[in-house]
Amino acid sequence: MSFTAVDHGMMARALQLAEQGLWTTSPNPRVGCVLVRDGEIVGQGWHQKAGEPHAEVHALRAAGERARGATAYVTLEPCGHFGRTPPCAEALIAAGVGRVVTAMSDPNPLVAGKGLALLQAAGIATASGLLENEARELNIGFVSRMTRGRPWLRLKAAASLDGKTALQNGLSQWITGPDARRDGHAWRARACAILTGFGTVRDDDPQLNVRAVETSRQPLRVVVDSRLETPLTAKILQGGPVLLAGAVELPEKIAALRAAGADVLILPNAAGKVELPALLEELARRGINEVHAEAGFKLNGSLMRAGLVDELLLYLAPCLIGDAANGLFNLPALTSLESKQQLQIRDLRMVGNDIRILARPV
């Protein structure tokens with residue numbers, strides 16, 4: 001399928017609009033729409049929040065009568081089913097648009113292609129696949145939840161140049177500078193949930209919320225705490241929803257944690273630890289698209305060993321801490337370099353005085 005330079009430019013604009021919902025659309029995807037008639041943008045919009053109108057509806061309202069005969073550029077296939085809002089494919093048909101171009105089809109296998117089929121049945125020309133990779137990256141968590149039944153897990157860690165995340169006594173604040181910490185909060189803000197382990201709660205007593213950037217929504221905080229040792233005075237139990245994943249049935253402790261405002265889930269594996277794949281599947285069922293993990297080297301290692309880490313967000317500070325300090329991952333010793341974990345570096349930049357690396361396991 002061939003697309004014109006105008007098609008590319010308009011879809012790029014639709015993606016820019018979609019990105020404005022980066023921190024707010026969860027659990028829905030981030031979607032943008034641009035309506036073009038006679039080479040002029042007559043309406044545009046993006047999905048702002050779950051339960052509110054979709055991108056196409058905002059764009060159609062802005063265009064009014066000028067939508068008739070226009071081309072609609074949408075970053076995701078218009079929905080063809082009733083959810084919290086009516087189907088967008090029917091709204092486009094009713095408005096009389098002449099052509100619909102989408103970046104990608106709906107990743108939900110139950111609805112994929114249905115929106116485009118509705119449009120085609122109404123005699124509207126359709127084309128799909130324009131800037132698909134960019135659209136997919138923007139909604140990588142939604143795609144993961146729809147196709148794999150688990151969220152996209154991004155593991156964030158801050159380390160010295162010799163790969164150490166904390167002193168032997170547990171102290172880790174602060175290895176990186178204020179710019180890197182602010183940047184880390186922006187990544188927290190786009191996630192639906194922030195995941196940590198009891199060790200981090202014990203050593204740092206973190207709030208694990210978004211503070212360094214403005215946000216209208218706080219992610220769910222999730223603590224992997226096999227023995228339910230989180231103290232009732234922990235800061236993480238204050239100021240917003242918290243889910244504690246444990247591996248032991250301790251009715252009195254569970255009741256006390258629930259009284260303190262936590263949701264408690266017991267998911268033991270054969271080793272008496274929390275079954276991490278089952279935890280991620282449960283988060284997906286709750287509409288969680290992206291998980292932002294900020295934990296110690298033990299949970300980091302467990303997530304890596306279980307093959308649950310989709311992306312690494314590493315901040316490296318220009319300092320050395322020494323061999324006795326804690327590393328990034330508690331992983332088994334290798335006997336051969338053939339078994340090393342290969343990574344693909346996706347982005348590399350300076351943030352303040354620190355290096356930020358975005359990488360994915362190969």
If we only count heavy atoms from C-beta on, is the [X] to [Y] side-chain gap below 4.5 Å?
{"X": "Pro78", "Y": "Thr102", "answer": "yes"}
{"X": "Leu195", "Y": "Val224", "answer": "yes"}
{"X": "Leu276", "Y": "Leu280", "answer": "no"}
{"X": "Trp174", "Y": "Arg181", "answer": "yes"}
{"X": "Leu283", "Y": "Leu243", "answer": "yes"}
{"X": "Glu132", "Y": "Met11", "answer": "no"}
{"X": "Asn289", "Y": "Val143", "answer": "no"}
{"X": "Pro361", "Y": "Gln341", "answer": "yes"}

Does [Y] offer a backbone N or O that forms a donor-acceptor pair with the side chain of [X] under 3.5 Å?
{"X": "Asn269", "Y": "Gly272", "result": "yes"}
{"X": "Thr200", "Y": "Thr196", "result": "no"}
{"X": "Asn300", "Y": "Leu328", "result": "yes"}
{"X": "Gln218", "Y": "Val210", "result": "yes"}
{"X": "Thr126", "Y": "Leu116", "result": "no"}
{"X": "Asp354", "Y": "Gly177", "result": "yes"}
{"X": "Arg221", "Y": "Ile236", "result": "yes"}

Margin query: Using the salt bridge (charged side-chain N to carboxylate O under 4.0 Å, His left out) criterion, which residues pair with Arg346? Sequence neighbours excluded.
Written below: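 Arg346: salt bridge (charged side-chain N to carboxylate O under 4.0 Å, His left out) contacts with Glu137.
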Check: Sequence neighbours excluded, which residues qualify as salt bridge (charged side-chain N to carboxylate O under 4.0 Å, His left out) partners of Lys156?
Finding: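 With sequence neighbours excluded, Lys156 shows a salt bridge (charged side-chain N to carboxylate O under 4.0 Å, His left out) to Glu294, given in chain and number order.
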Contacts under 3.5 angstrom, residues 307-319 side chains, donor-acceptor by atom type, not counting sequence neighbours:
unit_1 : atom_1 : unit_2 : atom_2 : d
Asp310 : OD1    : Arg148 : NH1    : 3.0
Asp310 : OD1    : Arg148 : NH2    : 3.2
Asp310 : OD2    : Arg148 : NH2    : 2.9
Asp310 : OD2    : Leu153 : N      : 2.9
Glu311 : OE1    : Trp152 : NE1    : 3.3
Glu311 : OE1    : Arg154 : NE     : 2.7
Glu311 : OE1    : Arg154 : NH2    : 3.3
Glu311 : OE2    : Arg360 : NE     : 2.9
Glu311 : OE2    : Arg360 : NH2    : 3.0
Tyr315 : OH     : Asp183 : OD2    : 2.6
Tyr315 : OH     : Gly184 : N      : 3.4

Notebook entry, point to check: Could you give the distance from CD (Gln238) to OG1 (Thr233), rounded to the nearest 0.5 Å?
Noted result: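 So the CD of Gln238 and the OG1 of Thr233 are separated by 8.0 Å.
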Check: In Å and rounded to the nearest 0.5 Å, what is the NZ to CG distance from Lys235 to Leu208?
Finding: 11.0 Å
Next item on the list: Identify the residue among Thr25, Leu15, Leu76 that makes a side chain to side chain contact (heavy atoms under 4.5 Å, CB included) with Val31.
Entry: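 Exactly one option meets the side chain to side chain contact (heavy atoms under 4.5 Å, CB included) with Val31, and it is Leu76.
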Note to self: For Ser128 and Ser105, which I'm curious about, is there any donor-acceptor pair between the side chains at under 3.5 Å?
What the structure shows: no
Next item on the list: In plain terms, say whether Arg356 and Asp347 are close enough for a salt bridge, that is, a side-chain N and a carboxylate O under 4.0 Å apart.
Entry: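 Looking at Asp347 together with Arg356, the answer is yes, because their closest N to O distance falls below 4.0 Å.
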Do any side-chain atoms of residues 258-267 form donor-acceptor pairs under 3.5 angstrom with protein atoms, and if so which ones, sequence neighbours left out?
unit_1 : atom_1 : unit_2 : atom_2 : d
Arg258 : NH2    : Val264 : O      : 3.0
Asp263 : OD2    : Arg286 : NH1    : 2.8
Asp263 : OD2    : Arg286 : NH2    : 3.3

Notebook entry, point to check: Listed by chain and number, what are the side-chain hydrogen bond (donor to acceptor under 3.5 Å, both in side chains) partners of Glu281, not counting sequence neighbours?
Noted result: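 Once residues adjacent in sequence are excluded, Glu281 has no partner under the side-chain hydrogen bond (donor to acceptor under 3.5 Å, both in side chains) criterion.
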Checklist line | side-chain hydrogen bond (donor to acceptor under 3.5 Å, both in side chains) involving Thr230 - partner list, sequence neighbours excluded | finding: Asp225
Next item on the list: Please name the pair of heavy atoms, one in Ala193 and one in Ile288, separated by the smallest distance, quoted to 0.1 Å.
Entry: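 In terms of heavy atoms, the two residues are closest at CB-CG2, 3.9 Å.
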Next item on the list: Please report the shortest heavy-atom distance between Leu131 and Ala12, naming the atom on each side.
Entry: CD1-N, 3.7 Å
Next item on the list: Would you list the pairs meeting ring pair (Phe, Tyr, Trp, His ring centres under 6.0 Å) in which at least one residue belongs to residues 183-207, sequence neighbours left out?
Entry: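 Found none.
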Next item on the list: Please say whether more than 12 non-hydrogen atoms of neighbouring residues, nucleotides or ligands are located less than 6.0 Å from NZ in Lys273.
Entry: no
Notebook entry, point to check: Is the number of heavy atoms from other residues, nucleotides or ligands under 6.0 Å of Asp162 CG greater than 12?
Noted result: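 It does: Asp162 CG has more than 12 such atoms within range.
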Notebook entry, point to check: Is there any side chain to side chain donor-acceptor pair (under 3.5 Å) pair reaching into residues 60-77, and which pairs are they, with sequence neighbours excluded?
Noted result: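 Non-adjacent pairs meeting side chain to side chain donor-acceptor pair (under 3.5 Å): Asp7-Tyr73.
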Item checked: Inter- and intrachain pairs under salt bridge (Lys or Arg N to Asp or Glu O under 4.0 Å), touching residues 26-38, at least two apart ->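 For residues 26-38: Arg30-Glu290.
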Only distances under 3.5 Å count here; give the side-chain donor-acceptor pairs of residues 331-338 to other protein atoms, sequence neighbours excluded, each with its distance to 0.1 Å.
unit_1 : atom_1 : unit_2 : atom_2 : d
Ser336 : OG     : Glu338 : N      : 3.0
Ser336 : OG     : Glu338 : OE1    : 3.1

Checklist line | Contacts of His47 that satisfy ring pair (Phe, Tyr, Trp, His ring centres under 6.0 Å) - sequence neighbours left out | finding: His54
Margin query: List the residues meeting side-chain contact (heavy atoms from CB on, under 4.5 Å) with Gln44, not counting sequence neighbours, and say none if there are none.
Written below: Arg13, Leu17, Val34, Ile41
